[in-house]
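So you know, we letter chains A, B, ... as the sequences are listed, proteins then strands, and number each from 1.
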Amino acid sequence: MTMRLYNTLTKSIENFSPIAPDGTVTFYSCGPTVYDDAHIGNFRSFLNADILRRALQLHGFRVKHVMNITDVGHMTEDDAADGGGEDKMAVAGRRIAEAKKSGKLPAGAEIDATDPYAIASFYADRFLEDARHLGLQVAIEERTHPELMPRPTRCVPQMIALVEQLIARGHAYVAKDGVVYFSVESFSAYGRLSGNTLDKLREGEGGRISAQHQAVKRHPADFMLWKPDPTHLMRWPSPWGEGYPGWHLECSAMARMLLGDEIDLHSGGEDNIFPHHECEVAQSCCASGRPAFARMWFHTRHLQVEGEKMSKSKGNFFTARDLFAKGVTPAALRLELVRTHYRTNSNFTLQGLRDCQRMIDRWASARTSLAARSAGTGAGPFQRALIEFKEALADDLNVARAIAALNTAIAEDASGDPIAELAALDAMNSVLGVFERNEALQSAAADDLATKVEALLERRRAARAAKDWAESDRVRDELTALGVRIKDGPQGTTWERAV
RNA sequence: GGCCGCGUACCCAAGUGGCCUAAGGGAACGGAUUGCAAAUCCGUGAUUCGUGGGUUCAAAUCCCACCGCGGCCUCCA
């Protein structure tokens, strides 16, 4: 079965086949910048890349997946050219210093707010923790293969080498202000990925590129590769003076270092298309002399929350850990973030999170009864569903259709060889990745709640034994008020936090 | 201002010319179960696909207009 995927570069759905004859897929994903906790919108993008990677694996490919963790403090107003504004790490540092003062520092954050490396490392660790909870396979692999999640601060020599090569080939120049710029006019395919060709850029709204740098550049869209700045927070020696790299440079350098000059797949959020990925293409192609950098570009559309753009001011802004702290299982969050096709704007809702949890619980109980079954031969509903599941994923990653296939199997009567049926269900889960993370995360608050709940359940058990229904119902109301939902079963009462 | 995408039941969401009197999940409702609930199981659910035109033997699917929402062009996943 051939995987078909939408390629941003050609704006069409194409058959996927890797460059390497042995079928190994080279896949680079733009990861987070670690100056704050990743929010659920970030994770929608990262998880869709993860689903793609797992779907490829289900289809028999070996995947070498790299995702960077950007620990350089790029500028808050860093536009295509200039590197203006404030360093993000400095902003994060100030935020941490303020939090320290007001005693609202996140747990375990004994960090020096003036040390950008400490800030980056603090948030990188938190990102990896969240990512592993959510089943981001590359983050799980990172434990044994740290090179799969490279940090730009450790790859500066490779970036410098790339800039030197671009200068040598006539694609970059040192301007009068000492800054090294990429010359967009030297790359005729500039604009092909995003549609922002040079003539259109000139026609566009424009006026955003600050005038002070324009004078020294050959073309207004020329973007910075290296900026000498002896006062910058993070800086490295270079042939152009002590300074820092441009923000597009890292991905080109690291993809090349780890995956080669030409790669199969490159992913990111839709906002990365321009300027970030456009500039990456230009840098990589011009450095390698090849016509292509990534053969296929995979972009995930943005997430909305309760029908609105997510923003801190609207109060609809969630990080993964915010939700985990409320008792949301990583499995439910994972499913809610990937169940909508990656090329449509998805709408994250609390109701949707509950829907996902119920679906996963039903799958899990189906798995339990399947594992307990011994009789049956041949193909049953799950083996049939797996075929449809794989076809749906091969169809430009149609996750919703794949999930429907699984749901349909669950509604059918149990039949077929139980071992093969279980294997089929687990194969589907190898992409969905929910069974192994369907438990709420532990925390001090959760432990505290558990103690209270256990005491109340004991009171209720006693009341029920005495047929004191009034007392029993009173206790149940108390539990409900605590946000707890109870389930009475033959083996006694279980409970969970209602989300 | 330029470029682009979307609008399917109460909610999420698949389907992009005939197998669609529209998949799947949740909610709701009815039943089984329960001390009563919750959970679970069974059943019910859009003659209709933002609105108005058009093309076609045939449209949710193609075209046009309008309304609404969103994205990129600028740091952002």
Among the candidates [options], find the nucleotide nearest to the side-chain atoms of [X].
{"X": "A/Asn272", "options": "B/C36, B/A77, B/C12", "value": "B/A77"}
{"X": "A/Asp271", "options": "B/C72, B/G26, B/C36", "value": "B/C72"}
{"X": "A/His302", "options": "B/A77, B/G24, B/A37", "value": "B/A77"}
{"X": "A/Arg362", "options": "B/C72, B/A77, B/G25", "value": "B/G25"}
{"X": "A/Asn398", "options": "B/G26, B/G15, B/G71", "value": "B/G15"}
{"X": "A/Thr340", "options": "B/G26, B/G71, B/A14", "value": "B/A14"}
{"X": "A/Asn347", "options": "B/C12, B/A77, B/A14", "value": "B/C12"}

Going by heavy atoms in the side chains, are [X] and [Y] under 4.5 Å from each other?
{"X": "A/Glu388", "Y": "A/Thr408", "value": "no"}
{"X": "A/Phe16", "Y": "A/Arg295", "value": "no"}
{"X": "A/Ile410", "Y": "A/Trp363", "value": "yes"}

In Watson-Crick or G-U wobble terms, both distances under 3.5 Å, what is the partner of [N]?
{"N": "B/A59", "value": "none"}
{"N": "B/G68", "value": "B/C6"}
{"N": "B/C36", "value": "none"}
{"N": "B/C20", "value": "none"}

Does [X] reach a base, just sugar-phosphate, or nothing at all? Heavy atoms under 4.0 Å.
{"X": "A/Ser365", "answer": "nothing"}
{"X": "A/His39", "answer": "base"}
{"X": "A/Arg354", "answer": "nothing"}
{"X": "A/Gln304", "answer": "sugar-phosphate"}

Please confirm whether the ring centroid of [X] lies under 6.0 Å from the ring centroid of [Y].
{"X": "A/Phe127", "Y": "A/Phe43", "value": "yes"}
{"X": "A/His266", "Y": "A/Phe293", "value": "yes"}
{"X": "A/Phe298", "Y": "A/Phe27", "value": "no"}

Residue whose closest nucleotide on RNA chain B lies nearer the 5' end, A/Glu270 versus A/Asp473: A/Asp473
Using the [atom1] atom on both, measure [N] against [M] and round to a whole Å.
{"N": "B/G26", "M": "B/G43", "atom1": "P", "value": "13 Å"}
{"N": "B/G7", "M": "B/A60", "atom1": "P", "value": "14 Å"}
{"N": "B/C42", "M": "B/U47", "atom1": "P", "value": "26 Å"}
{"N": "B/U34", "M": "B/A23", "atom1": "C1'", "value": "34 Å"}
{"N": "B/C69", "M": "B/A22", "atom1": "P", "value": "31 Å"}
{"N": "B/C49", "M": "B/A13", "atom1": "C1'", "value": "13 Å"}
{"N": "B/U48", "M": "B/U21", "atom1": "C1'", "value": "9 Å"}
{"N": "B/G17", "M": "B/C62", "atom1": "P", "value": "8 Å"}

Check whether any side-chain nitrogen or oxygen of [X] sits under 4.0 Å from OP1 or OP2 of [N], and answer yes or no.
{"X": "A/Lys309", "N": "B/C76", "result": "no"}
{"X": "A/Asn42", "N": "B/A77", "result": "yes"}
{"X": "A/Arg358", "N": "B/U40", "result": "yes"}

Polar side chain donor-acceptor pair, [X] to [Y], under 3.5 angstrom:
{"X": "A/Asp264", "Y": "A/Thr26", "answer": "yes"}
{"X": "A/Tyr342", "Y": "A/Asp396", "answer": "yes"}
{"X": "A/Asp477", "Y": "A/Thr480", "answer": "no"}
{"X": "A/Thr70", "Y": "A/Asn68", "answer": "yes"}

Verdict with reasoning, A/Arg474 to A/Glu471, per salt bridge (charged side-chain N to carboxylate O under 4.0 Å, His left out): CA-CA 5 Å; A/Arg474 215 165 22 244; A/Glu471 167 66 3; 2.7 Å; yes
Spacing between [X] atom [atom1] and [N] atom [atom2], to the nearest angstrom:
{"X": "A/Arg401", "N": "B/A23", "atom1": "CZ", "atom2": "C1'", "value": "10 Å"}
{"X": "A/Arg476", "N": "B/A39", "atom1": "CZ", "atom2": "P", "value": "11 Å"}
{"X": "A/Arg474", "N": "B/C36", "atom1": "CZ", "atom2": "P", "value": "19 Å"}
{"X": "A/Trp297", "N": "B/A77", "atom1": "CH2", "atom2": "C1'", "value": "14 Å"}
{"X": "A/Asp468", "N": "B/G35", "atom1": "CG", "atom2": "C1'", "value": "12 Å"}
{"X": "A/Leu303", "N": "B/C12", "atom1": "CG", "atom2": "P", "value": "13 Å"}
{"X": "A/Asp396", "N": "B/G15", "atom1": "CG", "atom2": "C1'", "value": "14 Å"}
{"X": "A/Ile403", "N": "B/A14", "atom1": "CD1", "atom2": "P", "value": "10 Å"}

What protein N or O atoms touch nucleotides 3-9 of chain B N or O atoms at under 3.5 angstrom, if any, and at what distances?
none

RNA chain B contacts among residues 477-489 of chain A, heavy-atom distance under 4.0 Å: A/Arg485, A/Ile486, A/Lys487, A/Asp488
Aromatic ring pairing A/Phe187/A/Phe182, orientation class (parallel under 30°, perpendicular over 60°, tilted between): perpendicular
A/Trp247 and A/His276 aromatic ring geometry - parallel, tilted or perpendicular at 30°/60° bounds: parallel
